[in-house]
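Report on one structure; see the data block that follows.
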Protein chains: 2
Amino acid sequence: MRDSIWCFENVNLFHILCPHKIRDFEKDHFEGFKKGDFIYFPEDSSKSIFMVSKGKVKIVSYNSDGEEVVKAILGKGEIFGEKALLGEDKRGDYALACSEPTELCPMRLPDMHQLMRDNEKFGLSIYKLIGFRIKKMERRLESLLFKDVKTRLCDFLKEMAEENGVSVGSEIVIPYFFTQKDFADLIGTKRETVTRLFNELKQEELIDYSRKEIRIKSLENL
Amino acid sequence: MRDSIWCFENVNLFHILCPHKIRDFEKDHFEGFKKGDFIYFPEDSSKSIFMVSKGKVKIVSYNSDGEEVVKAILGKGEIFGEKALLGEDKRGDYALACSEPTELCPMRLPDMHQLMRDNEKFGLSIYKLIGFRIKKMERRLESLLFKDVKTRLCDFLKEMAEENGVSVGSEIVIPYFFTQKDFADLIGTKRETVTRLFNELKQEELIDYSRKEIRIKSLENL
DNA sequence: TGCTATATGTGATCTGGCTTACATTTATTG
DNA sequence: CAATAAATGTAAGCCAGATCACATATAGCA
């Protein structure tokens, strides 16, 4: 594992969960969501967990000033709503699709429990995933406590490069599904600051970007 | 549940875990720790979980600048090292006693698993506790993202009042086992700022404090 | 294709809380 | 009980990043 605050431990459950192994529960599989569609609301009871089979999903809540708290953004193969496995009764946050089309594998909780009982290895990897989520949150906390905005942004870009980056020549291209506002929310700063930093990094020849993609020219120096 | 960022959902497992129900595993029960003693190190493998039966335990890690990242401070009846249940192999942080004497109930992982298998209700409450830990961390994150230092301190004092406070007349007395440095670490600020704020709150007649205790004079207005 | 909404760019100003630098008070230890 | 260490108190100066106030660019839609 790298030193980066934002680095991911990729526990990709796509091939375990979806679509083959769970034909039995396939009833309401694969729902189609459009950008901005809500998947669940805070008051919904936590009756199922989801895996993203296509698109991106954002988990958010809103603080008392109506500002968005971005808890996570998830891509293909990642699960969310997993707190249902920890005895959560209500979701407590919003899940919404943030790319189009977004498709999910929903798993009802009892089915999930059965699956985990039947397949110990699978159960373990689910719990492991929860463990990784916790560690990730701990790193985010630490970065918020001790690192300045620029460092946080660089760490975050590195994380994205690992997760979603595609090598093209010496560069790493990240398809750009976040707005600068999203970046700001994720690293805990303001949009204007992100704009400023993006241009600063461009000046320093570390990245290049358009509204379509971000090109990381020198991952090492970020 | 209250609105406070810092409010606790008290899942006290003391009477479930300790000391009666687990006589079988009692071998190395109740170890005595002095203030500052390390209970585990980051490289230790996660072979057991602990419950505090007496005293206080601090979970920390250190960032690259050697600054302490305080992840949690736990009192009687609270468990720690629970990430072992989530497939963690190494602890990844330090646990150290921060009051004297501190005593623990250590539970080896296999025993724990057996206990959880045998007693479904118990297993559920353990997982629930992990869920609460996650929510608490989410609140801490949110507070760090959006609230200023004074608000964070007030929220934290409210949390402590709930957890450890004793009503004395119209006041709530909190025994004072944290130094101002500890407060600073926990809410993400510097010691000098905590001192200033403590005095500010004293001026405003909201609290009173000595090195022995903090008296909350007006919880509502904090 | 033009109109409108949303995303991005960029300066000027302001400020919470960090930094630095000590002083004072309370614990701890030989 | 003195000596030393640790915790607390206070104040001046500074700066990263927020805030405010626009300008421009791009996308989506009638």
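Throughout, a chain's letter reflects where its sequence line sits, starting with A, and its residues are numbered from 1. Just so it is clear, the model here is predicted, and its values are computed rather than measured.
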Answer yes or no: is there a donor N or O on one side and an acceptor on the other, between the side chain of A:Arg191 and the main chain of A:Thr179, under 3.5 Å?
no
Below the 4.0 Å mark, does C:dC18 have OP1 or OP2 next to a side-chain nitrogen or oxygen of B:Thr189?
yes
Main-chain N/O of B:Ile172 paired with B:Arg215 side-chain donor or acceptor, under 3.5 Å
no
Identify, between A:Glu192 and A:Val149, the residue whose nearest nucleotide on DNA chain D lies closer to the 5' end.
A:Val149
Would the distance check show the side chain of A:Glu78 and the main-chain N or O of A:Gly75 forming a donor-acceptor pair, the cut-off being under 3.5 Å?
yes
Please evaluate the base of C:dG16 for a donor-acceptor partner in the side chain of B:Arg196 within a cut-off of under 3.5 Å?
no
Phosphate OP1/OP2 of D:dA18 contacted by A:Thr193 side-chain N/O (<4.0 Å):
yes
Could you tell me how far apart A:Leu197 (CG) and D:dG17 (C1') are, to the nearest whole angstrom?
10 Å
Would the number of heavy atoms belonging to other residues, nucleotides or ligands and lying under 6.0 Å from NZ of A:Lys217 be above 12?
yes
For A:Thr195, report the nucleic acid contact type (base, sugar-phosphate, nothing); a contact means any heavy atom under 4.0 Å.
base
Name the closest nucleotide to the B:Lys190 side chain, picking from C:dG16, C:dC18, D:dA21.
C:dC18
Of the nucleotides D:dA11, C:dG16, C:dT10, which has the atom closest to the B:Asp148 side chain?
C:dG16
What is the distance, rounded to the nearest whole Å, between atom CZ of A:Phe178 and atom C1' of C:dT8?
18 Å
Verify the contact: side-chain N or O of A:Gln180 to OP1 or OP2 of C:dT6, cut-off strictly under 4.0 Å; return yes or no.
no
In whole angstroms, how far is the P atom of D:dT8 from the CG atom of B:Asn199?
11 Å
Please report, rounded to the nearest Å, how far the C1' atom of D:dG9 is from the NZ atom of B:Lys181.
17 Å
Can the ring centres of B:Tyr94 and B:Tyr40 be said to be less than 6.0 Å apart?
no
Rounding to a whole Å, what distance do you find between B:Asp185:CG and C:dC18:P?
12 Å
So, with a heavy-atom separation below 4.0 Å from DNA chain D, the residues of residues 207-216 of chain A are A:Arg211, A:Lys212
Rounded distance in Å - NZ (B:Lys147) to P (D:dA18):
18 Å
Spacing between B:Leu144 atom CG and D:dA18 atom C1', to the nearest angstrom:
16 Å
Quick check: closest heavy atoms across B:Arg91 and B:Gly81, and the distance to 0.1 Å?
NH2-O, 3.1 Å
To the nearest Å, how far apart are A:Phe146 CZ and D:dA16 P?
19 Å
Residues A:Ile39 and A:Ala97: closest non-hydrogen pair is CD1-N, 3.8 Å
